[in-house]
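Just so we're on the same page: letters track the sequence lines, and every chain starts at 1.
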2 protein chains.
Amino acid sequence: MAFELFEREGFDATTVDAIAKSAGIGRRTFFRYFESKNDVVWGSFTEQLDHMRERFAQRPADEPLMESVRAVVVEFNRVDPAEVPKHRRRMELILRVPALQAHSTLRYGDWRAVVAEYAAHRLGEQPSALRPQAIAYAALGVSLAAYEHWLAESGLQLCDVLDEALSELARGFVLG
Amino acid sequence: MAFELFEREGFDATTVDAIAKSAGIGRRTFFRYFESKNDVVWGSFTEQLDHMRERFAQRPADEPLMESVRAVVVEFNRVDPAEVPKHRRRMELILRVPALQAHSTLRYGDWRAVVAEYAAHRLGEQPSALRPQAIAYAALGVSLAAYEHWLAESGLQLCDVLDEALSELARGFVLG
DNA sequence: GAGCATAATGGCACCGGGTGCCAAATGGAA
DNA sequence: TTCCATTTGGCACCCGGTGCCATTATGCTC
């Protein structure tokens, strides 16, 4: 698996040739399955976002908007306890390897679009309007802060940290 | 100038060879002045951040934290009216060209560090703690949303949009 | 101004990610 | 088996980025 190579050699030091060879396919074929080396790490994120959309659709209409965002984002990031170590290693790559950090921005765009779409729906505005976009960007931001905190501090529950960060956001970071 | 090439040919289609040639220097020399082709667009951002640090240092200690953040970020992004068109074109590149969008994430890290440092100072926490990081990430996020909105809508004042977005943030996006 | 040390320059070869092209392999359906 | 469509992967190529090294300014001392 490619992840073992990343683990052993580091992401940058692992060439596409090596990944392809270890998967028993040609280099050219690799690039038919993955747009880029970076995308190996991200996998089927786009499809996962459909789940997030569904979760949003199920929130009660009278729930405060930022409450819905918090709930959905927290649940969206809940992973099977057995998968936590794997998830952690994956997120370590995404959040700490500069090349992936940079590339991931493009994926986050899709994530934000889902949040912005829902926020726009709730606010009666266009998804491209300032507030939905600001909400999406802010929710993404605090989520990333939560992820980093979770990675840095051992023994934390990801969902707890996300919940706390998104609660702070909904509170406007008062008492500062 | 490199920017004219980006304008005419597009960022991706402009090769480093072409930039170097148009600047009358060797390709190898180019890479001594810029870490990457992406960095041409960013210029001396790191030094500008020192100004932001100074602005933070000058805020009164009894001002609500998010108020200080709003004020500093807005002022930090105020540009000489004569420079607005240039600033606009530069930000169009940064926010719309995928390669730059991705790369810029790394620069934003420095920006966030300045905000987190101040927030940590005000909260009596470590800059790496959850709240300062969340605040920095959120402030960056809504600022990017503001920038995008400013770019998309003509006739807006960047500072006004930033002010609005950061005010919403400080309010926790209530009335949603 | 001559001589010298130091830094700046840029040519060259190389690496690695990514792509277009095309021929060979694969795998059904008839 | 034959035929067609799809998948595969080799090959050459482009481009960004780097290490190495010879050459060329630059600036200082005498």
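Summarising the geometry, atom CG belonging to A:Leu144 is positioned 8.0 Å from atom CH2 belonging to A:Trp111; distances are rounded to the nearest 0.5 Å. A distance of 8.0 Å separates CG in A:Asp39 from CZ in A:Phe30, rounded to the nearest 0.5 Å. The distance from the CZ atom of A:Arg131 to the NE2 atom of B:His149 is 11.5 Å, given to the nearest 0.5 Å. One distance of note links SG of A:Cys159 with CH2 of A:Trp150; it measures 9.5 Å at 0.5 Å rounding. Taking CD of A:Glu9 as the reference point, atom CD1 of A:Ile19 lies at 11.0 Å (rounded to 0.5 Å).
Under the 4.5 Å side-chain heavy-atom criterion for grouping Ile, Leu, Val, Met, Phe, Trp and Tyr, B:Phe31 is connected to B:Val41 within one hydrophobic cluster.
Cation-pi geometry between B:Lys37 and B:Phe11 is satisfied (NZ or CZ under 6.0 Å from the ring centre, within 45° of the ring normal).
Within residues 96-109 of chain B, no residue has a heavy atom under 4.0 Å from DNA chain D. Contacts between residues 27-38 of chain A and DNA chain D, counted as heavy-atom distances below 4.0 Å, involve A:Arg28, A:Thr29, A:Arg32, A:Tyr33. Near DNA chain D, defined here as any heavy-atom distance below 4.0 Å, the residues from residues 14-23 of chain B are B:Thr14, B:Thr15, B:Val16, listed numerically.
Screening A:Arg53, A:Gln126, A:Arg112 for a side chain to side chain donor-acceptor pair (under 3.5 Å) with A:Glu117, the sole residue that qualifies is A:Arg53.
Ring geometry for B:Tyr118 against B:His121 counts as tilted: the plane angle lies between 30° and 60°, on a 0 to 90° scale.
One atom, CD1 of B:Ile25, and another, P of C:dG11, lie 11 Å apart when rounded to the nearest Å.
B:Arg122 contributes a side-chain N or O that, together with a main-chain N or O of B:Glu63, makes up a donor-acceptor pair within less than 3.5 Å.
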